[in-house]
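Below is one structure, written out as structure tokens; comments come after it.
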Amino acid sequence: MSDLIEFLQINWLLFLALFVLLSMLIGSELLRIIRGVKMLSALGVLRILNDQGAWIVDVRGDSEYKEGHIPQAHHIPLASLKERINEFLKADGKPIVVYCHSGKISQSAYCLLKKNRIS
């Protein structure tokens, strides 16, 4: 037991970094759950697209969109989402799938859509 305590004392900075990283991971997952954001796999998106005719929105920037995107995706960058919110009326009650590269931008977009009662 004393070896463990000594190890912790010597490597306290590493354990602090570990604690901070774990806290960030757990915190982001809790925030996602609290916001009600649903994460979908590629297969889940394909099912919704085929079964329900989902409206797919790419909220990445112009350069990322030009590098590659889902063919049916509507490109509405997060920066202009608020001004273009009326375009979501074209979805006509279909499910809306919002995506980006990492999932962080799309979570912000989802919250904005939810705030405007779109999703």
Side-chain angles (χ1 to χ4, degrees):
M1 185 68 168
S2 64
D3 290 340
L4 177 64
I5 294 172
E6 182 181 347
F7 182 76
L8 288 173
Q9 288 174 342
I10 293 171
N11 298 298
W12 68 271
L13 191 58
L14 289 175
F15 284 98
L16 178 64
L18 175 66
F19 177 74
V20 168
L21 287 173
L22 285 175
S23 298
M24 289 172 64
L25 285 172
I26 292 169
S28 67
E29 278 301 304
L30 286 175
L31 187 60
R32 183 185 63 78
I33 291 168
I34 290 169
R35 288 179 171 174
V37 175
K38 298 174 188 119
M39 303 293 279
L40 296 172
S41 66
L43 183 60
V45 172
L46 187 60
R47 269 197 198 121
I48 290 174
L49 183 61
N50 289 337
D51 296 344
Q52 301 174 26
W55 220 62
I56 300 178
V57 180
D58 188 333
V59 292
R60 298 176 299 161
D62 292 331
S63 61
E64 289 178 307
Y65 181 78
K66 289 176 184 172
E67 287 176 11
H69 58 275
I70 297 173
Q72 297 100 334
H74 301 273
H75 183 229
I76 305 176
L78 182 63
S80 63
L81 187 64
K82 210 172 209 178
E83 294 86 37
R84 296 175 63 183
I85 203 84
N86 289 334
E87 290 183 37
F88 288 91
L89 298 175
K90 297 176 188 173
D92 198 32
K94 296 178 184 174
I96 298 172
V97 176
V98 182
Y99 79 94
C100 67
H101 180 72
S102 67
K104 298 297 178 195
I105 297 171
S106 58
Q107 283 187 34
S108 298
Y110 172 81
C111 290
L112 182 64
L113 291 174
K114 189 174 181 181
K115 181 180 171 185
N116 287 288
R117 292 180 168 76
I118 300 294
S119 59

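Count residues from 1 along the sequence.
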Approximate separation, where rounding is to 0.5 Å, of Leu16 CG and Asn11 CG: 12.5 Å

Any donor-acceptor pair under 3.5 Å from Tyr99 side chain to Ala73 backbone: no

Hphob cluster co-occupancy, Ile70 + Ile48, side-chain heavy atoms under 4.5 angstrom: yes

Arg47, CZ atom: more than 12 neighbouring heavy atoms under 6.0 Å: no

Same apolar cluster (I L V M F W Y, side chains within < 4.5 Å links), Val98/Leu112: yes

Rounded distance [0.5 Å steps], NZ in Lys104 versus CG in Leu78: 14.0 Å

Point-to-point distance, once rounded to the nearest 0.5 Å, from CG of Leu21 to CD1 of Ile26: 11.0 Å

Same apolar cluster: Phe15 and Leu4, side chain cutoff 4.5 Å: yes

Nearest non-hydrogen partners of Cys100 and Ile105, listed with the distance: SG-N, 3.6 Å

Phe88 with Val59, same ILVMFWY side-chain cluster at under 4.5 Å: yes

Nearest-0.5 Å distance that lies between atom NE2 in His69 and atom CG in Asp58: 7.5 Å

Joint hydrophobic cluster, Leu40 plus Ile56, side-chain heavy atoms closer than 4.5 Å: yes

Gap between atom CG of Leu49 and atom CD of Gln72 - 0.5 Å precision: 5.0 Å

Parallel, tilted or perpendicular: ring planes of His74 versus Trp55, cut at 30 and 60 degrees: parallel

Leu25 side, atom CG; Leu30 side, atom CG - distance, nearest 0.5 Å: 11.0 Å

CE (Met24) with more than 12 external heavy atoms under 6.0 Å: no

Whether His75 side chain and Arg60 backbone form a donor-acceptor pair below 3.5 Å: yes

